[in-house]
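These notes are about the structure you will find just below.
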Amino acid sequence: MKPPAPVIQNVNWSEHAIDRFVLRKLEAAGLAPSPRASKRTLIRRLGLDLTGLPPTRSEIQEFLADDSQDAYERLVDRLLAKPQYGEHMTRYWLDLVRFADTNGVHHDHYRELTPYRDWVIRSFNQNLPFDRFAIDQIAGDLYPEPTDDQLIASGFHRLHMIIDRGTALPEESLARNVIDRVTAFGTAFMGLTVQCAVCHDHKYDPIKQRDFFSLSAFFNNLDGAAETGSRGTDDFRRGLQRPYKNLPSPQQALLLEQLDGKVQAAKQLLDELQAELQSLTKNNGDPSASASNGEGSRPGREAAQRELEARSEHAKKQWQALRRERSTVLMAVPAAMVMKERAEIRPAHIFIRGDYDKLGERVERDTPSFLPAMKPAAQGGHRSRMDLAEWLVDPAHPLTARVCVNRIWQMLFGVGLVKTAEDFGTQGEMPSHPELLDHLSVVFVESGWDCKALVKQIVLSAVYQQSATATPEAFERDPGNRLLARGSRFRLDAEVIRDQILSTSGLLNPSLYGKSVKPPQPAGIWKAVTLPDSLPRTYVADTGEKATRRSLYTFWKRGMPPAQMSILNAPTRESCIARRERTNTPLQALLLLNESEYLKAARHLAVSTRAVGGSSPAARLLVIYETITSMLPDVQETDLLLQTVRDLRAMYEREPALAKQLCDGIALQDGQSAAELAAWTMLVSVIYNLDVVKTRQ
């Protein structure tokens with residue numbers, strides 16, 4: 001039930017339901033909300049929160065010039081309509097479902113699952129209702145006639161780590177995979193630590209060991225191997241394990257169909273020739289088969305055999321060439337690993353003390369006993385993952401909507417109403433505003449599980465629009481801002497920091513979808529985590545536009561995630577992560593100041609703003625500062641930064657070799673010296689490292 005609207009004293013602050021729930025707690029604590037943030041702060045905040053990218057200077061000017069009453073709301077609508085919204089939302093989901101481009105464990109071979117990532121992006125951009133979003137992932141393969149998208153979505157169950165064949169017993173590998181699937185289901189959709197009930201009843205939550213293995217019965221019936229496939233096959237090179245679905249373009253499908261016909265015809269001809277050759281060879285070895293003259297003679301048959309051998313060898317080469325051609329075409333065909341049920345249901349047992357080889361009582365498919373009961377199976381039938389999915393999104397389910405709402409709140413405020421987004425159990429934190437969480441969850445379900453409507457509702461609140469500036473006393477009273485008396489302020493995630501640098505420098509490649517890319521990284525970076533037979537074994541960086549795609553598309557090796565991301569607290573994606581930690585370390589500053597790709601971006605912006613700024617250093621500085629920070633520098637900042645660029649230029653004039661190194665590969669413009677370009681490049685780099693750039697506020 002939706003809780004009643006709270007009674008507040010300051011009825012003039014806002015009529016928004018969210019604000020009333022927050023204000024009641026503020027008034028009870030003797031606190032008042034903060035003023036509304038400036039328009040420049042709000043457009044930057046919204047851009048980073050809804051798209052993961054800062055606004056352009058033209059977008060800022062458009063918003064500043066719009067004095068209409070609904071200017072802010074229309075800005076929200078424009079941002080929600082951008083395709084970058086779906087990309088940004090997808091980044092959080094990929095953490096949650098531990099999406100990666102390799103299997104993890106031991107050899108850490110390549111795995112192809114990018115169609116799943118593309119589907120998630122499309123789903124968020126098309127505003128697929130969250131209940132459908134969940135059902136398609138849990139049971140997309142079980143629709144009567146599943147679409148390609150529904151089959152791709154079922155790849156949610158294939159995102160776990162996969163061990164190499166021969167590394168463990170197949171029974172152990174199967175058990176590990178199933179436990180991982182149950183854990184992912186519990187974490188991603190219910191915010192529960194169900195994995196704590198593998199070996200025994202959960203120590204803190206009412207989850208029995210029987211509950212865990214009853215859930216596992218839904219996920220242990222994959223019609224496929226539990227370990228990596230055979231090396232040297234097309235499937236292995238493509239990063240695929242059965243079951244999967246090929247997703248060729250119409251041209252690729254036609255070409256494959258033609259090649260299949262040619263391969264089949266070539267194989268048939270080869271088989272016929274080899275059968276004829278085998279018969280002739282047999283006759284040549286039989287003296288009674290000799291004749292007096294002609295081809296029936298032994299010399300004649302031997303000549304015929306040699307001719308047949310040559311024809312057979314030629315046919316074999318043709319067949320092999322056609323197969324290689326087909327493999328080449330097939331390597332370029334996208335494919336998605338999917339879920340598929342075995343015809344015969346595999347029985348599920350409780351593992352005694354969690355040991356896969358010590359089977360206890362057999363259990364049937366069921367949901368945790370402390371949650372609302374699932375509908376019974378049809379007479380003579382079995383409950384399916386579709387039944388489980390429908391149970392999960394039933395409006396009466398106490399967790400699904402709350403967990404989703406809390407994660408979206410966390411995305412927009414840096415911390416959820418329940419801080420422990422990964423744990424809604426008794427060891428998690430209590431909600432800071434429980435009635436607000438209930439209210440938003442009910443509204444979310446009533447809206448038809450509309451994610452964009454939920455995001456819009458939250459960002460339109462006065463709570464969201466507050467200034468993050470506060471007095472030292474306010475910070476002391478509520479250091480974690482759990483009462484929400486001010487706007488949230490937190491360090492941006494690794495991907496947003498990198499994408500922001502690429503975007504503001506003008507280097508970002510905005511193309512959507514497709515396979516993962518490898519931005520430049522130090523040579524030999526994978527050497528310590530690969531084996532001689534690992535695929536891929538070495539890191540080969542992409543060049544050109546591929547190298548400047550959004551971080552969402554960066555190749556994610558579980559054994560060695562992108563260093564630029566790991567240093568800024570990105571996870572390995574070996575397990576489901578609902579909440580990233582945030583640290584501040586000297587290594588992060590060293591990365592942002594010295595990463596070669598970030599220096600190239602700084603140089604690119606320095607070059608592109610030379611003409612924009614004209615002959616005035618102050619005008620050029622204003623363009624650079626506003627482009628990067630969305631703000632304007634004050635007088636003190638302007639004086640300090642201009643003095644910095646003068647000092648840098650003087651230094652580079654004294655050290656021309658350093659300037660030349662920084663400008664390597666750049667054709668200097670007329671009248672521009674290497675010292676000038678180097679100085680402005682370093683100034684841009686300094687601005688990229690300001691707190692206002694790395695922090696969402």
Side-chain angles (χ1 to χ4, degrees), residues 49 52 88-100 104 116-117 120 123-124 130 133-134 137-138 156-157 159-161 179-197 202 204-205 207 212 215 368 371 392-393 397-434 437 440-441 444 449 451 454-455 458 480 482 488 490-496 552 556 558 561 565-566 568-583 696:
D49 284 352
H88 186 56
M89 294 288 285
T90 294
R91 182 176 64 80
Y92 294 101
W93 188 256
L94 297 190
D95 270 3
L96 190 59
V97 299
R98 74 261 190 257
F99 178 94
Y116 173 84
R117 178 175 61 201
V120 176
S123 297
F124 279 120
F130 186 80
F133 183 70
Q137 292 183 80
I138 297 167
F156 164 76
H157 299 294
L159 296 169
H160 54 77
M161 295 195 292
I179 289 171
D180 204 339
R181 289 184 197 126
V182 180
T183 300
F185 171 78
T187 302
F189 295 107
M190 297 192 294
L192 293 177
T193 55
V194 294
Q195 67 273 22
C196 294
H202 201 294
Y204 303 102
D205 298 339
I207 306 172
F212 182 91
L215 272 178
L371 290 171
L392 182 75
V393 298
H397 198 291
L399 289 171
T400 312
R402 286 183 173 91
V403 167
C404 181
V405 166
N406 188 66
R407 291 210 183 104
I408 289 180
W409 187 279
Q410 174 182 268
M411 181 188 83
L412 298 171
F413 285 87
V415 61
L417 293 169
V418 177
K419 184 177 180 180
T420 52
E422 72 284 357
D423 188 0
F424 269 54
T426 59
Q427 291 299 291
E429 285 198 12
M430 290 291 291
S432 59
H433 298 75
L437 181 59
L440 289 174
S441 300
F444 181 47
W449 303 80
C451 289
L454 174 61
V455 170
I458 294 173
R482 300 300 286 146
S488 298
F490 50 89
R491 198 211 69 214
L492 295 170
D493 286 340
E495 294 90 337
V496 180
L552 174 71
W556 211 276
R558 282 185 164 122
M565 310 297 172
S566 298
L568 289 159
N569 305 118
T572 63
R573 302 256 175 95
E574 292 176 300
S575 59
C576 301
I577 299 298
R579 174 174 57 118
R580 287 190 185 184
E581 298 297 329
R582 288 191 177 92
T583 62
R696 180 271 193 207

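Rounded to the nearest 0.5 angstrom, F212 CZ and I179 CD1 are separated by 5.0 Å. Taken from OG1 in T400 to CZ in F444, the straight-line distance is 10.0 Å, to the nearest 0.5 Å. A distance of 11.5 Å separates CD1 in I408 from CG in L417, rounded to the nearest 0.5 Å.
For residues 408-427, the pairs satisfying salt bridge (Lys or Arg N to Asp or Glu O under 4.0 Å) are E422-R579, with sequence neighbours left out.
No more than 12 heavy atoms of other residues, nucleotides or ligands sit less than 6.0 Å from atom OH of Y204.
Inspection of the R98 and H160 side chains reveals no N or O donor paired with an N or O acceptor under 3.5 Å. Side-chain contact, Q410 with Y92: no donor N or O sits under 3.5 Å from an acceptor N or O.
Counting heavy atoms from C-beta outward, V405 and L454 have side chains that approach closer than 4.5 Å. With a 4.5 Å cut-off on side-chain heavy atoms, V97 and Y116 count as touching.
F133 is linked by a ring-ring contact (aromatic ring centres under 6.0 Å, His included) to W93, W119, F124, F130, counting only residues two or more places apart in sequence or in another chain. Under the rule for a salt bridge (charged side-chain N to carboxylate O under 4.0 Å, His left out), the partners of R580 that lie at least two apart in sequence or sit in another chain are D95, E495.
Smallest separation of non-hydrogen atoms from P561 and W556: CB-NE1, 3.7 Å.
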